[in-house]
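Beneath this line is the structure, given in structure tokens, with notes to follow.
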Amino acid sequence: MANNGPYDIVVLGAGSGGYACALRAAELGRSVALVERDESLGGTCLNRGCIPTKALLHAAEVADQTREAERFGVKAVFEGIDVAGVNAYKDKVVSTTVKGLTGLIKSRGIEVVHGEGRLAGPTTVEVRTPAGETRALEAQHIVLGTGSAPKSLPGLEIDGERVISSDHALRLEHVPGSVVILGGGVIGVEFASVWRSFGAEVTIVEALPHLLPLEEESSSKRLERAFRKRGIKFELGTRFESAKTTQGGISVTLEGGKVVDAELLLVAVGRGPVSDGIGLAEAGVELERGYVKVDEYCRTSVPTISAVGDLVATPQLAHVGFAEGILVAERLGGLAPAPIDYDGVPRITYSDPEVASVGITSAVARERGYEINEVTYDLAGNPKSKILGTQGEVKVIAAVDGPVLGLHMVGARVGELIAEGQLIYNWEALPSEVAQLIHPHPTQSEAVGEAHLALAGKPLHVHG
């Protein structure tokens, strides 16, 4: 007979925030039930987001390297993209990761309940199972982690055929000849990079003045320069007006009357919280613009309910969800976790070139009243970057006579460098302290060291 509790904790949603909370809570000796409506655990990130998109981006990198092999003295012939083969590779990465996560959750004694869950009160989650049964799970505390879903614009219907979301893009069985991408944020930029590498004609439409508008402006400009070189087109500071299907695809009209025709329109204007229909209002959970309102400890307006991940208005990053889930589990476990400094969370866009950052931008630093010093180290001076054939930069922003406030990077593989940046920012390191560290040669990490040497007033491999 199924156990309906009472559990110490019932988690609604087995995505990054939910499953991290469940694992940490079980580790702390709590009894946990984890409710998930999908067949697979892991949520958007693992099944329809981070992991499959990065697999596509790696396949795209292999395609580009094959085309360019001759410049490295390697003879290779690029014969095209086998989409079925790419999808099989992507799906295997996802399925093996899901299998590993499922085994881990089982090993911790967490009960997984598959079905549609909703709040039936401040300490009850009602689950409609695939068999049509209803289970009422009782808990001392409920953690909401229902995640997010792709958004669209008013009047623009995502039909899954000509107008698609990122979910549909991951399931395409062919390389589109041409695509218009609505939105120049992380999702739009990553799919633009993949499809261009696969041979598509790509146009990005972004209403704000730059691609990746939340990044340091110089990083955005570097990316735009690289995309231009790759033949990726973009319309910046331009709003979408309308779209209509044509015999060959889709015709997109922009503000000012310009029309762009393509086979597909990818709507990548962001993701919205999955907060409808799960009983929030009835249970007294306060919302703000569709997001569950929480304090710095992820507590909602109801004392027995917490919320984590994309359901709350914090950065929509899987690793933010992990951190919030752990924070809630530790708080409920009687520990005293520190609130999360969201500025100190690393951010990476896995396009070619990659864009990575941690801390704040120079514009935000000035808004907050800082006097700043900043140094930009060009990867042209970094031997490992020359070996890789990449261009880009490492920019470091520091308070005058104070700690490092932000690190902003562009170039191949710079996402792997940002973990050091996270330590520098979060430990409030002074440029002079980082300058004392010896970075291994030849690595791209030397660019981080060189930028701090320059900020500390003792530049080494820097001209001028």
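Counting non-hydrogen atoms of other residues, nucleotides and ligands closer than 6.0 Å to CD of Glu374 gives a total above 12. Asp343 CG: more than 12 foreign heavy atoms inside a 6.0 Å radius. Crowding of Asp295 atom CG: a count of heavy atoms from other residues, nucleotides or ligands under 6.0 Å exceeding 12. Counting heavy-atom neighbours within 6.0 Å of Glu27 CD, excluding the residue itself, gives a total above 12. Crowding of Tyr291 atom OH: a count of heavy atoms from other residues, nucleotides or ligands under 6.0 Å exceeding 12.
Between Pro353 and Leu223, some side-chain heavy-atom pair lies under the 4.5 Å cut-off. Residues Glu282 and Leu119 are not in side-chain contact: their nearest non-hydrogen atoms beyond the backbone lie 4.5 Å or more apart. Side-chain contact between Gln436 and Leu430: absent, with no pair of heavy atoms (C-beta onward) separated by less than 4.5 Å. Residues Arg48 and Asp38 are in side-chain contact: their nearest non-hydrogen atoms beyond the backbone lie under 4.5 Å apart. Side chains of Leu172 and Val83 form no contact here, defined as non-hydrogen atoms less than 4.5 Å apart. Residues Leu34 and Arg108 have side chains not in contact (no heavy-atom distance under 4.5 Å, counting atoms from C-beta outward). Put simply, the side chain of Ile158 reaches to within 4.5 Å of the side chain of His168, judged on heavy atoms. At least one side-chain heavy atom of Leu182 sits less than 4.5 Å from a side-chain heavy atom of Leu153.
Gly115 and Pro130 make their closest contact through CA-CD, 4.2 Å (heavy atoms, listed as atom of the first residue, atom of the second, distance). Looking at every heavy atom in both residues, Gly117 comes nearest to Leu12 through CA-CD1, 3.7 Å. Asn426 and Gly344 make their closest contact through ND2-O, 3.0 Å (heavy atoms, listed as atom of the first residue, atom of the second, distance).
Residues Ser445 and Glu420 bring no donor and acceptor atom of their side chains to less than 3.5 Å of each other. A donor and an acceptor atom, one from each side chain of Ser362 and Glu216, are located under 3.5 Å apart. Judged by distance alone, the side chains of Gln444 and Ser385 do bring a donor and an acceptor atom under 3.5 Å apart. A donor atom on one side chain and an acceptor atom on the other are found under 3.5 Å apart for Glu215 and Ser357. Checked by atom type, the side-chain pair Thr124/Glu138 shows a donor-acceptor distance below 3.5 Å. Arg230 and Ser193 share a side-chain donor-acceptor pair at under 3.5 Å. Side-chain contact of Arg413 with Thr390: a donor-acceptor pair under 3.5 Å is absent, judged by distance alone. Residues Arg299 and Ser306 bring no donor and acceptor atom of their side chains to less than 3.5 Å of each other.
The pair Asp91-Arg171 does not count as a salt bridge, with every side-chain nitrogen at least 4.0 angstrom from each carboxylate oxygen.
In this structure, Ser275 OG and Asp310 CG are separated by 11.5 Å, a value rounded to the nearest 0.5 Å. Residue Glu224 holds its CD atom at 9.5 Å from CD of Glu206, rounded to the nearest 0.5 Å. Between atom OG of residue Ser219 and atom CG of residue Leu211 there is a gap of 12.0 Å, rounded to the nearest 0.5 Å. Note: Thr314 OG1 to Glu296 CD = 13.5 Å, rounded to the nearest 0.5 Å. Between the OH atom of Tyr7 and the CD1 atom of Ile110 there is a distance of 11.5 Å, given to the nearest 0.5 Å. Between atom CG of residue Leu405 and atom CD1 of residue Ile397 there is a gap of 7.5 Å, rounded to the nearest 0.5 Å.
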| request: Test side chain to side chain contact (heavy atoms under 4.5 Å, CB included) on Ile340 and Val320 and set out the steps. | output: CA-CA 9 Å; Ile340 297 163; Val320 165; 5.6 Å; no
| task | Report the C-alpha distance between Arg135 and Glu111 in whole Å, list the side-chain angles of each, state the deciding distance to 0.1 Å, and finish with yes or no for salt bridge (charged side-chain N to carboxylate O under 4.0 Å, His left out). | result | CA-CA 13 Å; Arg135 287 179 64 183; Glu111 186 184 352; 3.3 Å; yes
| request: Could you go through the side chain to side chain contact (heavy atoms under 4.5 Å, CB included) check for Arg128 and Arg37 one step at a time? | output: CA-CA 9 Å; Arg128 184 81 170 164; Arg37 66 182 179 183; over 6 Å; no
| request: Carefully, step by step, assess Arg271 and Thr44 under the rule side chain to side chain contact (heavy atoms under 4.5 Å, CB included). | output: CA-CA 11 Å; Arg271 298 177 64 87; Thr44 293; 3.2 Å; yes
| task | Begin with the C-alpha distance, continue with both residues' side-chain angles, and end with the deciding distance and a verdict on side chain to side chain contact (heavy atoms under 4.5 Å, CB included) for His114 and Val112. | result | CA-CA 6 Å; His114 283 285; Val112 176; 3.7 Å; yes
| Residue pair Glu330, Arg24: steps toward the salt bridge (charged side-chain N to carboxylate O under 4.0 Å, His left out) verdict | CA-CA 7 Å; Glu330 293 187 346; Arg24 184 69 179 119; 2.8 Å; yes
